[in-house]
Amino acid sequence: RAESCTKKAMKALALAAITRLGNESPASVVATDTFLLREILQYVAMREIKFFVACGGVNASGAVAKEVEVYSVKENVWSRGRDLPEPRWGHGMALAEDGRIFVFGGRVVDMTTHSVLSIDDPMKGEWKVMPKMAQKRTSPGVGVVGDKVFVFGGYDGSRYLNTCEVFSTTEDKWVTN
């Protein structure tokens with residue numbers, strides 16, 4: 001029986017990540033999560049997606065990574081991007097409508113952080129430090145609506161959060177009530 005196009009694409013993406021980067025890369029997490037791959041492929045089918053970015057995380061030896069890997073959909077290759085300024089894991093990420101990639105919170109050197117970074121070109125650009133969130137957050141949910149990025153939930157190092165912060169990408173600042 002012939003494989004479906006979706007299954008072939010999932011295998012190609014997974015093999016590209018593992019072959020190019022090895023099992024300890026941030027991209028290997030994406031490559032080995034079939035549910036995430038399925039969601040990604042459905043999204044790719046609906047939009048003209050040019051690349052995927054995987055950054056930071058924890059590798060197989062337990063070390064926190066700062067590497068950034070960029071997958072080109074058109075070329076079907078992974079490339080090394082511009083490293084994060086410091087190793088981090090458990091962060092949230094968003095692609096804003098203006099094309100910048102944002103990294104929110106996470107854990108840096110065993111401490112939950114409220115730092116925010118942005119970059120406009122993950123291959124050549126420089127990471128820029130943005131205004132900090134009001135609360136430290138590990139594993140926050142992140143969503144983009146228009147020029148606003150919503151960062152919600154997560155863990156602050158002692159408790160789970162039920163709050164939301166909103167960042168304006170046009171003003172580069174946190175929106176207050």
Side-chain angles (χ1 to χ4, degrees), residues 14 17-18 21-40 43 51-71 80-120 122 125-177:
I18 292 170
L21 304 169
N23 291 327
E24 294 186 3
S25 72
S28 71
V29 174
V30 173
T32 57
D33 187 332
T34 56
F35 294 108
L36 181 59
L37 281 171
R38 206 169 279 135
E39 286 182 30
I40 289 170
Y43 191 76
F51 60 88
F52 294 105
V53 177
C55 66
V58 178
N59 64 28
S61 63
V64 179
K66 67 179 183 176
E67 289 79 20
V68 173
E69 307 292 345
V70 180
Y71 175 73
R80 184 75 182 266
R82 183 73 67 173
D83 284 353
L84 292 167
E86 69 277 322
R88 94 172 38 209
W89 66 275
H91 48 278
M93 292 181 66
L95 174 62
E97 285 193 350
D98 64 8
R100 287 184 292 169
I101 297 168
F102 286 84
V103 173
F104 297 92
R107 290 185 64 92
V108 177
V109 191
D110 294 331
M111 295 179 61
T112 300
T113 183
H114 46 32
S115 69
V116 178
L117 303 169
S118 76
I119 193 166
D120 52 11
E126 295 293 327
W127 287 98
K128 179 180 175 186
V129 176
M130 304 303 291
K132 292 181 178 181
M133 295 181 287
Q135 291 184 284
K136 296 177 180 183
R137 296 175 189 269
T138 297
S139 302
V142 179
V144 178
V145 178
D147 70 338
K148 304 290 188 283
V149 181
F150 295 80
V151 184
F152 49 92
Y155 185 73
D156 71 359
S158 62
R159 63 186 166 81
Y160 290 97
L161 304 171
N162 63 357
T163 58
C164 179
E165 299 181 57
V166 182
F167 187 80
S168 168
T169 59
T170 55
E171 301 176 73
D172 280 347
K173 69 178 191 177
W174 293 96
V175 177
T176 57
N177 295 341

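These figures come from a predicted structure and were not determined experimentally.
Not counting sequence neighbours, the partners of D83 by the salt bridge (charged side-chain N to carboxylate O under 4.0 Å, His left out) test are R80. When the salt bridge (charged side-chain N to carboxylate O under 4.0 Å, His left out) test is applied to K173, the partners found at least two apart in sequence or on another chain are E171.
Under the 3.5 Å distance criterion, the side-chain polar atoms of Q135 are left unmatched by any main-chain donor or acceptor of H114. Of the possible polar contacts, none joining the W174 side chain to the V166 backbone as a donor-acceptor pair under 3.5 Å is found. When atom types are taken as modelled, the side chain of R82 and the backbone of I119 share no donor-acceptor pair closer than 3.5 angstrom.
Counted by atom type alone, S158 and D156 present one or more donor-acceptor pairs between their side chains at under 3.5 Å. When only modelled atom types and interatomic distance are considered, D147 and T170 share a side-chain donor-acceptor pair under 3.5 Å. Remark: the T138 side chain and the R107 side chain contain no N/O donor-acceptor pair separated by less than 3.5 Å.
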Problem set entry | Stepwise side chain to side chain contact (heavy atoms under 4.5 Å, CB included) test for F102 and M93 | CA-CA 5 Å; F102 286 84; M93 292 181 66; over 6 Å; no
Exercise. Under the side chain to side chain contact (heavy atoms under 4.5 Å, CB included) criterion, do K132 and V116 qualify, and how do the steps go?
Worked result: CA-CA 6 Å; K132 292 181 178 181; V116 178; 5.7 Å; no
For this session: Evaluate the side chain to side chain contact (heavy atoms under 4.5 Å, CB included) criterion for residues L84 and V68: first the C-alpha distance (whole Å), next the side-chain angles of each, then the deciding distance (0.1 Å), finally the verdict.
Result: CA-CA 7 Å; L84 292 167; V68 173; 4.2 Å; yes
For this session: Given side chain to side chain contact (heavy atoms under 4.5 Å, CB included), test F167 with V175 step by step and report yes or no.
Result: CA-CA 6 Å; F167 187 80; V175 177; over 6 Å; no
Exercise. Under the side-chain hydrogen bond (donor to acceptor under 3.5 Å, both in side chains) criterion, do R137 and T163 qualify, and how do the steps go?
Worked result: CA-CA 10 Å; R137 296 175 189 269; T163 58; 2.9 Å; yes
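Contact annotation: the side chain of L117 approaches that of P85 to within less than 4.5 Å [non-hydrogen atoms, C-beta and beyond]. The shortest distance between side-chain heavy atoms of V103 and C55 falls below 4.5 Å.
Minimum interatomic distance between V142 and A94 (heavy atoms only, all atoms of both residues): CG1-CB, 3.5 Å. Taking each heavy atom of A96 and V144 in turn, the nearest pair found is CA-CG1, 4.5 Å. In terms of heavy atoms, P140 sits closest to G90 at CD-O, 3.6 Å. Nearest heavy-atom pair across M130 and S118 is SD-OG, 3.3 Å. Smallest separation of non-hydrogen atoms from V53 and P122: CG2-CG, 4.0 Å. Of all heavy-atom pairs spanning W127 and I101, the tightest one is CZ3-O, 4.2 Å.
E86 has a carboxylate O that lies under 4.0 Å from a charged side-chain N of R88, or vice versa, which qualifies the two as a salt bridge.
If you take CD on E97 and NZ on K148, they are separated by 10.5 Å, rounding to the nearest 0.5 Å.
Pairs of residues two or more places apart, or lying in two chains, that qualify as ring pair (Phe, Tyr, Trp, His ring centres under 6.0 Å) and include a residue from residues 139-163 are Y155-Y160.
With a 6.0 Å radius and a threshold of 12 heavy atoms from other residues, nucleotides or ligands, N162 has its CG atom at or below the threshold.
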